[in-house]
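Before any comments, here is the structure.
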Amino acid sequence: MENFYTINNLWMLVCTMMIFVMHLGFAALEAGFTQSKNTINILFKNLLVPVVGIMSFTYVGYNLMYPGEEFSGQWFGYSGWGHEGVNEEHIYDRKFPFWALISFKAMFAATAATIVSGSVAERIHFRSFMIFSILFVTFCYPVVGMWLWGGGYLSTMETPFYDFSGASIVHSVGGWGALAGTIMLGPRICKFENGKSNQIEGHSMALATTGIFLLWFGWFGFNAGSVFSAEPLDVSLVVLNTAIGGSAGAAGSWLFTWIFIKTHYLPAFISGILGALVSTTAGANLFLPHEAGITGFVSGFLVVFTIQFFNKVKIDDPVSAIPSHLVCGIWGTLAVGLMGDLAGWNQFLSQLFAILVIGAFSFTFSMVFFYLLKVTIGLRVSEKVEIEGLDIEEHGMKAYR
């Protein structure tokens, strides 16, 4: 038993460090998908987010997400400042130490805000993004997480909501925040002109490709760590489903990009992989490999389709984070009711209800605080700064010489 406890702890810490590497992946992908004049801004934001996420979740967020049994079935709870009163032997049936859980979940918290970073890129004030990220990671994400993982209402319904590793709890929460930010900011200059959507190419597909490899690597820890033990069969299935899902998403986006725009378009291929990885997180431990493949393949199509859709409705998302994280997060969550061990009509309705509740809260929270920032300290940089690039004005330096 003691050896198993030690092995579980080691596995959880390895997965935690793999998730931390995902932030380098997000930084590289977002920098590659955007213009070179904003590279420092992108890198700074992606370095800021884990700093904020780790600190805020450790000191505040954990106690909001895991408030204790007295708040079971409720929508909100708070166990108080600090962790002195926690009996770590009761954490996940004594499978690993309490401190490992905080470390692991803190990485999840940081990921939610990273999703917003890419969608609002190239036009948001750094200070405004910083304030929003602190609020979003400290309050919005942990409250939603409590509804399922902390014993809140969604976990106690007659047919409990199921989200294994956060397709909705992490990724769609970040996606709703990203959607609110893009709406409040409006599109970049020259993105939509004369009824057309102009392609603003990213400056480095090498960086973006490096980013998706790092993200895929980190996702094995993101999903397999959510087993919360080193149990061989469960961990192996989750890792395989993560690999199959991402691969099928790549195939789906490749096929449908060729159908829609008649070219082998690398950014869509990358986004298809990312969207498929998101969709696998909801049921990675429930699906058989062929079901994970179906989920991923559909995600590849959804990414291509929704990129085109958002261009038509003039929502400017420079890194396609909304299609990848919000749309595919919703699809993956619904897939739990369609395939796998829990498939059934009641489960599907439970999944749909949770999506609506999570979306309403996360989107409203984000819109309110983006609006407050807009009317107080300002949300969007000036036209001059946007044209010249945020790096010089906001950070006083260039990424490249």
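All values reported here derive from a predicted model rather than from experimental measurement.
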Judged by atom type as modelled, is there a donor-acceptor pair below 3.5 Å linking the side chain of [X] to the main-chain atoms of [Y]?
X      : Y      : answer
Ser226 : Phe222 : yes
Glu201 : Gln35  : no
Arg188 : Ile200 : no
Thr182 : Ala178 : yes

For [X] versus [Y], what's the shortest heavy-atom pair and its separation?
X      : Y      : answer
Val51  : Leu47  : CG2-O, 3.4 Å
Ile358 : Ser172 : CG2-OG, 4.1 Å
Thr295 : Ala335 : OG1-CB, 4.1 Å
Asn241 : Ala292 : OD1-CB, 3.5 Å
Ala31  : Leu43  : CB-CD2, 4.2 Å

Fit a plane to each ring of [X] and [Y], take the angle between them on a 0 to 90° scale, and name the class: parallel (under 30°), tilted (30 to 60°) or perpendicular (over 60°).
X      : Y      : result
Phe365 : Phe361 : tilted
Phe26  : His23  : tilted
Phe108 : Phe104 : tilted
Phe305 : Phe309 : parallel
Tyr62  : Phe57  : perpendicular

Please round to the nearest 0.5 Å and tell me the distance separating atom [atom1] of [X] and atom [atom2] of [Y].
X      : Y      : atom1 : atom2 : answer
Cys15  : Leu13  : SG    : CG    : 9.0 Å
Leu237 : Glu231 : CG    : CD    : 10.0 Å
Ser320 : His325 : OG    : NE2   : 10.0 Å
Leu352 : Leu334 : CG    : CG    : 6.0 Å
Ile387 : Cys190 : CD1   : SG    : 7.0 Å
Thr280 : Glu291 : OG1   : CD    : 13.5 Å

Does the side chain of [Y] come within less than 4.5 Å of [X]'s, by heavy atoms?
X      : Y      : value
Val239 : Asn223 : no
Val170 : Thr281 : no
Phe33  : Ile42  : no
Val116 : Phe370 : yes
Phe353 : Leu349 : no
Ile322 : Thr306 : no
Leu179 : Ile315 : yes
Cys140 : Leu135 : no

Check your understanding: Taking it one step at a time, do Leu185 and Leu379 satisfy side-chain contact (heavy atoms from CB on, under 4.5 Å)?
Key -> CA-CA 7 Å; Leu185 279 165; Leu379 194 61; 3.7 Å; yes
Point to revise | With Phe126, the side chain to side chain contact (heavy atoms under 4.5 Å, CB included) member among Ile131, Leu48, Ile40 | key: Leu48
Study note, to complete from the structure: The single option from Asp316, Ile189, Leu390 that satisfies side chain to side chain contact (heavy atoms under 4.5 Å, CB included) with Arg123 is Asp316
Between [X] and [Y], a side-chain donor and acceptor under 3.5 Å:
X      : Y      : value
Asn285 : Tyr162 : yes
Ser168 : Thr333 : yes
Ser299 : Ser279 : yes

Practice item. May I ask you to say whether Glu386 pairs ionically with Arg380, meaning some side-chain N is under 4.0 Å from a carboxylate O? Key: yes
Point to revise | Within 6.0 Å of CZ in Phe192, more than 12 heavy atoms from elsewhere | key: yes
Review point. Is it the case that more than 12 heavy atoms not belonging to Phe310 sit under 6.0 Å from its CZ atom?
Key: yes
Check your understanding: Would His264 and Trp254 satisfy side-chain hydrogen bond (donor to acceptor under 3.5 Å, both in side chains), going step by step from the backbone distance to the final call?
Key -> CA-CA 7 Å; His264 306 297; Trp254 187 12; 2.9 Å; yes
